[in-house]
Amino acid sequence: MGDGPDPADLLAWYDAHARDLPWRVAPAARLAGARPDPYRVWLSEVMLQQTTVAAVRAYFERFTALWPTVEALAAAPDAQVMGEWAGLGYYARARNLLKCARVVAEDHGGRFPETREALMALPGIGPYTGAAIAAIAFDAPEVVVDGNVERVMARVHDIRTPLPAAKPELVRAAAALTPERRPGCHAQAVMDLGATICTPRAPACGICPWWGACAARKAGVQAELPRKTPKKPKPLRFGIAYVARRADGAWLLETRPDKGLLGGMLGWPGSDWTESAPIPAPPIEADWTDLGEEARHTFTHFHLRLAIKVAHVPQDAAPLRGAFTPATAFRPSDLPTVMRKVFDLARSSLRH
DNA sequence: AATACGTGGGA
DNA sequence: TTCCCAAGTAT
């Protein structure tokens, strides 16, 4: 017997230490024949794309309480789903979530396809998510490779090629370890290992089931892997947001276009966000006051400084853009974070 | 192939 | 403060 990582050691560790997650069937129950609900597996996997378990939990509970089935989600109004997703980020996921739910409900009789290939034909499901759903929900022996798996493979095999160039090699390594028996538990086990022991910084090698097999640990380089090609610096952009409040307390809001940044989300009308001075673009004629404080926010690929203009407008004022939302219908939690920052700064100067 | 696309927490 | 990081996908 060789000294490489043994999937059986990992499964034994998982059976004893699997995290208790609201979308997961515990390993003991799974062995007893319990199957996870593919709808819940799909929903959790989409929410978990580039997102931490800690951030996802509350959203998952809220979504499943509101919409217990894919048919229920498919029937939900777009604006409600986008509002419930607000704050979780990567809003194309929410738009694709709805598209996918509607395809599954209308074209697949409410049942998710069971193969990676068929799953990948659905909106918002790529190579990772397709493999993950097939493995976790249907126990297909798919190779599931996310950021955790990449890190674990890079360390166990001491692969020093930087990402993303190392990806094919890491996938081959993951494939070689994927077992025919319990592939769904195996996939979740590698990810749990990466999330709780083989962490990006300061991995807890002393309690790792693959301690004896880890080439990077033997070489003492585990904390330096995986290597990554340096990222580009984020440019600084500037913009103006306009917060208008009508005499009856209604707020002037707009739903952003479906494409691009914050697509489909509710927000304050404003200028474009540019690297030089923004061009003013007030959405309604008013006596605008500069708040004197800007909202700062960092997106994936740029930093933003957003100047805030506020105004009270008369009841009969006609907006050029956006629509007035009655105070009773406005939920700040429906706003993406940058827009909520603007609201939090502006609200005190627009009291009624 | 390279880029666009969010957010919050930790060091 | 600043940077890095987290269960990626679409184009």
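Since we're looking at a predicted model, the values are computed, not measured. A note on names: the letters A, B, ... follow the listed sequences, proteins ahead of strands, and every chain is numbered from 1.
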K.L.:
Report, as yes or no, whether the 6.0 Å neighbourhood of atom CG on A:Asp344 holds more than 12 heavy atoms from other residues, nucleotides or ligands.
P.N.:
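Yes.
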
K.L.:
Could you pull out every donor-acceptor pair under 3.5 Å between side chains of residues 304-315 of chain A and any protein atom, sequence neighbours left out?
P.N.:
| from | atom 1 | to | atom 2 | distance (Å) |
| --- | --- | --- | --- | --- |
| A:Lys309 | NZ | A:Asp290 | OD2 | 3.0 |
| A:Gln315 | OE1 | A:Asp248 | N | 3.0 |
| A:Gln315 | NE2 | A:Asp248 | OD2 | 3.1 |

K.L.:
For atom P, what is the distance between B:dG8 and C:dT9, given to the nearest Å?
P.N.:
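Per the computed distance, 22 Å lies between those P atoms.
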
K.L.:
Both A:Lys259 and A:Val145 contact DNA chain C. Which one's nearest nucleotide lies toward the 5' end?
P.N.:
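The residue closer to the strand's 5' end, by nearest nucleotide, is A:Val145.
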
K.L.:
Give the rounded distance in Å between these two atoms: CG of A:Asp258 and P of C:dT11.
P.N.:
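After rounding, the gap between these two atoms is 12 Å.
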
K.L.:
For A:Trp23, answer base if it contacts any base atom (sugar-phosphate contacts may also be present), sugar-phosphate if it contacts only those atoms, and nothing otherwise; contact means non-hydrogen atoms under 4.0 Å.
P.N.:
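If one applies the 4.0 Å heavy-atom cut-off, A:Trp23 turns out to touch a base.
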
K.L.:
Could you check whether A:Arg19 gets within reach of a base, just the sugar-phosphate, or nothing at all, counting any heavy atom under 4.0 Å?
P.N.:
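Base, at least one base heavy atom under 4.0 Å.
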
K.L.:
In this structure, are over 12 heavy atoms from other groups packed under 6.0 Å from A:Glu224 atom CD?
P.N.:
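Buried by this count: over 12 neighbours within 6.0 Å.
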
K.L.:
Does the ring centre of A:His301 sit less than 6.0 Å away from the ring centre of A:Phe299?
P.N.:
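Between A:His301 and A:Phe299, which both carry aromatic rings, the centre distance is not below 6.0 Å.
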
K.L.:
Could you tell me how the ring of A:Tyr39 sits relative to the ring of A:Phe112: parallel (under 30°), tilted (30 to 60°) or perpendicular (over 60°)?
P.N.:
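Because their plane-to-plane angle lies in the 30° to 60° range, the rings of A:Tyr39 and A:Phe112 count as tilted.
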
K.L.:
Take A:Gln188 and A:Met120, find for each the nucleotide of DNA chain C with the closest heavy atom, and name the residue whose nucleotide sits nearer the 5' end.
P.N.:
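Closest to the 5' end, via its nearest nucleotide, is A:Gln188.
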
K.L.:
Parallel, tilted or perpendicular: which one describes the rings of A:Phe330 and A:Trp251, with boundaries at 30° and 60°?
P.N.:
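Judged by the thresholds at 30° and 60°, the geometry between A:Phe330 and A:Trp251 is tilted.
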
K.L.:
Give the nucleotide from the list B:dG8, C:dA6, C:dG8 with an atom nearest to the side chain of A:Thr129.
P.N.:
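From the listed options, C:dG8 comes nearest.
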
K.L.:
What contact category does A:Leu21 fall into here, base, sugar-phosphate, or nothing, at under 4.0 angstrom with non-hydrogen atoms?
P.N.:
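Counting heavy atoms under 4.0 Å across all strands, the contact made by A:Leu21 includes a base.
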
K.L.:
For the pair made of CG in A:Leu97 and C1' in C:dG8, what is the distance, rounded to whole Å?
P.N.:
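Atom-to-atom, A:Leu97 to C:dG8, this comes out as 14 Å.
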
K.L.:
Can you check the A:Trp85 CH2 to B:dT7 C1' distance for me, whole Å?
P.N.:
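Taking atom C1' of B:dT7 as the reference, CH2 of A:Trp85 is at 13 Å.
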
K.L.:
What nucleic acid atoms does A:Lys228 come within less than 4.0 Å of, heavy atoms only: base, sugar-phosphate, or nothing?
P.N.:
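Touches sugar-phosphate only.
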
K.L.:
Can you measure A:Ile133 atom CD1 to C:dT9 atom P for me and round it to whole angstrom units?
P.N.:
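Going from CD1 in A:Ile133 over to P in C:dT9 covers 9 Å.
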
K.L.:
I need a per-nucleotide contact map over nucleotides 1-6 of chain B, read 5' to 3'. Cutoff is protein heavy atoms under 4.0 Å; write B for the base, S for backbone only, - otherwise.
P.N.:
--SSBB

K.L.:
Check every strand shown and say whether A:Gly194 touches a base, only sugar-phosphate, or nothing at a heavy-atom separation below 4.0 Å.
P.N.:
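Contact class for A:Gly194: none.
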
K.L.:
Could you state the CG-C1' distance from A:Leu163 to C:dC5, rounded to the nearest angstrom?
P.N.:
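Interatomic distance, CG of A:Leu163 to C1' of C:dC5: 13 Å.
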
K.L.:
When you get a sec, tell me which of C:dC3, C:dC5, C:dA10 is the closest nucleotide to the side chain of A:Asn96?
P.N.:
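Comparing C:dC3, C:dC5, C:dA10 against the side chain of A:Asn96, the answer is C:dA10.
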
K.L.:
Rounded to whole angstrom units, what separation is found between the NZ atom of A:Lys234 and the C1' atom of C:dT1?
P.N.:
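From A:Lys234 NZ to C:dT1 C1': 15 Å.
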
K.L.:
Is the CZ atom of A:Arg19 crowded by more than 12 outside heavy atoms at less than 6.0 Å?
P.N.:
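Result for CZ/A:Arg19: enclosed.
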
K.L.:
With side-chain hydrogen bond (donor to acceptor under 3.5 Å, both in side chains) as the criterion, how do A:Arg24 and A:Gln188 come out once you've worked through the C-alpha distance, each side chain's angles and the decisive distance to 0.1 Å?
P.N.:
CA-CA 9 Å; A:Arg24 172 176 286 175; A:Gln188 295 176 90; 3.1 Å; yes

K.L.:
Could you state the CD-P distance from A:Glu224 to C:dC5, rounded to the nearest angstrom?
P.N.:
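My rounded result for the distance is 13 Å.
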
K.L.:
Just how far, in rounded Å, is P of B:dT7 from CE of A:Met339?
P.N.:
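Computing the A:Met339:CE to B:dT7:P distance gives 9 Å.
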
